[in-house]
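Convention: sequence-line order gives letters A, B, ...; per-chain numbering from 1.
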Amino acid sequence: MGATMTEKIFARHTADGRARAGEIVELQPDVVLLNDVSGPVAAGPFAEMGATRVFDPDKVVLVADHFSPAKDVQSAELIRRLRSFGETYGIKSYYHTGNGGIEHAVLAETGRVYPGALVFGADSHTCTAGALNASGIGFGSTDLAAALALGSLWARVPDAIRVDLTGALPVYVSGKDVILEIIRRIGVDGALNAALEFGGPGLGALNVDERMAVANMAVEAGAETCVMEPDAAVEAYARAHGAHDFTATYPDAEAAYVAHIALDLSTLEPTIAAPPSPANGLPVSALLGTPVHQVYVGNCANGTLTDLRQVAAVLRGRQVAPNVRMFVVPATQAIYRDAMREGLLDVISQAGATISAPTCGACFGGHNGILAKGETAIATTNRNFRGRMGDPDSRVFLANAWVAAAAAVAGEIAHPGAFATPAQS
Amino acid sequence: MERRIHKLGDHIDTDVILPGRYLSITDPAELGPHCLEGIDPAFAGRIRAGDLIVAGRNFGCGSSREHAPIALKACGIHAVIAESFARIFYRNAINIGLPVLVCPAFAAVAQDGATAAVDLGAGTVTCGGHVFRGESLPPTVMAIVAAGGLVPYARGRLAAAPA
Ligand code: SF4
C-alpha cells in the first residue's frame, strides 16, 4: 500500500520508521517553535515537569512577534520571560524586533523549514511550513513544554485529503483566493484532524509566497497539517535560505486519500471571506461598495514581498481614501528591507498608508491597529472571527492584497481592476 | 451530582473563548473572568463552579492559545462535552486537566439551563433518565488523563528516563 507525504514525513520522524494513518505514534521534530504568547506559558509546565535541560537547544527557535515591540509593561514582561528562557537553556535562535519578524515567515527565511522537515510550533499556523514540502503541526504550550523536555510528542497520524490544482491564476487572484475557495467548499471543519496535501500542475503556477498563503490557512479548515509537493522553486528557496540537507518527499501513486478536491485555478475570482467565518467566501463583486474604516496588509502569510508588490501596484500614484487608515506590515525585517530597496515602501507611504515594524499586532487584536465598536476592516489576515481585531461588534473581511489595497483607495470594497494594471505587479 | 448546562453552538473559536487582547495575561485567576467574553461579556458571571459546557461541532477551533481552556477551567467549568473538538484545543484541555468528552448524541439533545450528571471515568453522561456514552480515549491519551495531565505524565517519564 502506498503512503501519503504526511505518512512519509511522520515515518521518518518516529523511532521505528513507521507511521500509517490512524496510528498513534511518537514524533521527534526537527524544530520546535515558541513565541512570546505561547512560550512564557510553556515555561511554567516545563519547570514543573522537573526538566533541567531542553532536549536539543539547537532545534529550538524563539520568536517574539505577537506583542513585539511590547505594547505595555505586561507584554514587555512576556518578551523578557521568553528571552530569559532562551538564555537559561542555551537556545541561540532568538528573534525579536530588528532581526526577526512573524514566526512562520522567520522560520522559512532562516532555513528551518525545508522539504521533508517536521516542525512543531506552539501556534496554530505552524501548518504554513507545508508550502516548503514540510509538515508543520500546531500545539498548545503544555504540549510544547513536554516536547522541549522529552524531544517528542504523541500524534495520531492523520488521514489525508488530496487537493489537485490545475490551470493558472487569473490577474488579481492570489494564493489567498485559492485557500478561501477551498474553505468555502469544505467548511471550517471540512478537514478536521486531517492533512491537506497539495499537488497537480497548477501548484507550480504559485510562487513560494503564494503557496505559504495557502498552507497557512489549512488550519482554518480544521487540518492538523498541510504538505505540498516540492518542485525546483521550493528546493531553490530552501537552498537560498541555508537548508542543504533535505529529503524532497512525494506521495506514492497508490497513496490512500479520504477525499479528493480538484480546483482549476483559472476559474477563480478575487474572493472575500465575510465575517465571522473564513468559510464565508464570496466573489468581490458581491460585496462592492461595502464601506471600510481600516485596511490591514500583513500577517504570517500575507505580509510577503509578493503582497507588498501588489499593494504598491495599486497605490502607485494614488491616495488612500481620507476616511480610511491603512496599515502595511511586512512579515519580517528581511522583507521590509527588500521592499525598501525596490522602492515599494516609498510608494506605499506616499499614498498615505502607515508602514509598521514586523509584528503580529492587530492580526489577533493585540495592538497596533485595534478596531472600535461598529468598525469594519478588510485584512489579508487569516481569521475574521467575532472580535478578532478588536471590539466584539467590529467586523473583519479577509481578502488578498490586491483587493485590500483597492478598498483603501476607494474607501469601500472595490475591484482591484479599477486601480491597477497587472504589469505593475 | 447534577450539573448545570451552558449550551453553545458549532465552531466556537478560541478568540471568543478568550479574546486576543487578554493574551498578555498568564495568571489563570485573572483569565477566568474573561472566558467566553467574545460571546457575551456577562457569560463568566453566570458560571458556577462545577457547571458544564455542551457544544456542537469543532469546539475550540482557531488559535492554539492555551489561555482558552485555562480560562474555562479557572472559571469553574467542570467539563466540556461536544459533538467534536478542534484538535489543538482538545489536546490542550487534556494536558491541563480540563475534562473533555466527545458525545454527539448528548450534544444533539442537551438543553441550555438543564442539568446532567457526568461520569468521566466511564465516559458517560446521564440526563433525563438516559445514559449517553462518549467516545473512548486511545491508551496514550488515557495514560495522560490517568496521570492527572501532561505535567505529571511528563514528570514521570523524565524521572524514569536514564540520565
Ligand atoms: S500574524 Fe496573526 S495568524 Fe500569524 S502568527 Fe501572528 S497572530 Fe497568528
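Proximity to chain A is limited to the side chain of B/Ile96, based on heavy atoms less than 4.5 angstrom apart. Residue A/Ser38: no heavy atom, backbone or side chain, is found under 4.5 Å from chain B. At a 4.5 Å heavy-atom cutoff, the contact between A/Ala122 and chain B is made by backbone atoms alone. Using a 4.5 Å cut-off between heavy atoms, A/Arg81 contacts chain B through its side chain alone, with no backbone atom that close. Of the atoms belonging to A/Val41, it is side-chain heavy atoms, and not backbone ones, that fall under 4.5 Å from chain B. Contacts between A/Arg383 and chain B at a heavy-atom distance below 4.5 Å involve the side chain alone, from C-beta outward. Proximity to chain B is absent for every atom of A/Glu77, based on heavy atoms less than 4.5 angstrom apart. For chain B, the nearby parts of A/Phe139 are the backbone and the side chain; heavy atoms of each come within less than 4.5 Å.
Proximity of a side-chain donor or acceptor of A/Asp36 to a complementary backbone N or O of A/Phe67 within less than 3.5 Å is detected. Checking side-chain atoms of A/Asn280 against main-chain N and O of A/Ala274 turns up a donor-acceptor pair under 3.5 Å. Without hydrogens or angle criteria, A/Thr225 side chain to A/Ile137 main chain gives no donor-acceptor distance under 3.5 Å. A/His367 places a side-chain N or O within 3.5 Å of a backbone atom of A/His66 that can act as its donor or acceptor partner. The main-chain N or O of A/Cys363 is found under 3.5 Å from a side-chain atom of A/Arg388 such that the two form a donor-acceptor pair. A donor-acceptor pair under 3.5 Å links the side-chain atoms of B/Arg155 to the main chain of A/Glu48, judged by distance alone. No donor-acceptor pair closer than 3.5 Å links the side chain of A/Lys373 to the backbone N or O of A/Ser394. Not a single donor-acceptor pair under 3.5 Å links the side chain of A/Asp391 to the backbone N or O of A/Leu371. The backbone N or O of B/Lys7 sits less than 3.5 Å from a side-chain atom of B/Asp112, completing a donor-acceptor pair.
Close approach to chain A, defined as a heavy atom under 4.5 Å from one of its heavy atoms, is seen in B/Pro138, B/Thr140, B/Val141, B/Ile144 of residues 132-146 of chain B, taken by number. Interface residues of residues 117-125 of chain B toward chain A, defined by a heavy-atom distance below 4.5 Å: none. Residues of residues 62-86 of chain B lying under 4.5 angstrom from chain A, judged on non-hydrogen atoms, are B/Gly62, B/Ser63, B/Ser64, B/Arg65, B/Glu66, B/His67, B/Ile70, B/Ser84, B/Phe85, B/Ala86 by number. Within residues 38-56 of chain B, the residues having any heavy atom less than 4.5 Å from a heavy atom of chain A are, in residue-number order, B/Gly38, B/Ile39.
Under the 3.5 Å distance criterion, with hydrogens and angles disregarded, a donor-acceptor pair is assigned to the side chains of A/Asp72 and A/Ser75. Counted by atom type alone, B/Glu30 and B/Tyr22 present zero donor-acceptor pairs between their side chains at under 3.5 Å. Side-chain contact check for A/His104 and A/Asn216: no donor-acceptor pair (N or O, by modelled atom type) lies under 3.5 Å. Judged by distance alone, the side chains of A/Glu224 and A/Asn193 never bring a donor and an acceptor atom under 3.5 Å apart.
In this structure the side chain of B/Cys61 never reaches within 4.5 angstrom of the side chain of A/Val188, judged on heavy atoms. Considering only heavy atoms from C-beta on, B/Arg91 comes within 4.5 Å of A/Leu153 through its side chain. Using a 4.5 Å cut-off on side-chain heavy atoms (C-beta onward), A/Val32 and A/Phe55 make contact.
Contact tally against chain B (heavy-atom pairs below 4.5 Å) for A/Asp123, A/Asp189, A/Val37, A/Leu192: the top residue is A/Asp189. Taking A/Val219, A/Thr52, A/Leu78 one by one and counting their heavy-atom pairs under 4.5 Å with chain B, the maximum is reached by A/Leu78. Highest contact tally toward chain A, considering only B/Val16, B/Thr14, B/Asn95, is held by B/Asn95 [criterion: heavy-atom pairs under 4.5 Å]. Interface check for chain A: of the options B/Ile94, B/Leu23, B/Asp10, B/Ile25, the most heavy-atom pairs under 4.5 Å are formed by B/Leu23. Here B/Ser24 is the residue among B/Pro152, B/Pro19, B/Ser24 with the most heavy-atom pairs under 4.5 Å with chain A.
Atoms CG and CG, on A/Asn35 and A/Leu33 in that order, are 7.0 Å from each other to the nearest 0.5 Å. Rounding to the nearest 0.5 Å gives a distance of 5.0 Å between CG of A/Leu150 and CZ of B/Arg157.
Under the 4.0 Å criterion applied to side-chain N and carboxylate O atoms, A/Glu23 and A/Arg156 are not assigned as salt-bridge partners.
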Would you sort out whether A/Ser68 and A/Thr359 count as a side-chain hydrogen bond (donor to acceptor under 3.5 Å, both in side chains), showing the intermediate values? CA-CA 6 Å; A/Ser68 180; A/Thr359 178; over 6 Å; no

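Checked against the 6.0 Å centroid criterion, the rings of A/Phe46 and A/Tyr89 qualify as a close aromatic pair.
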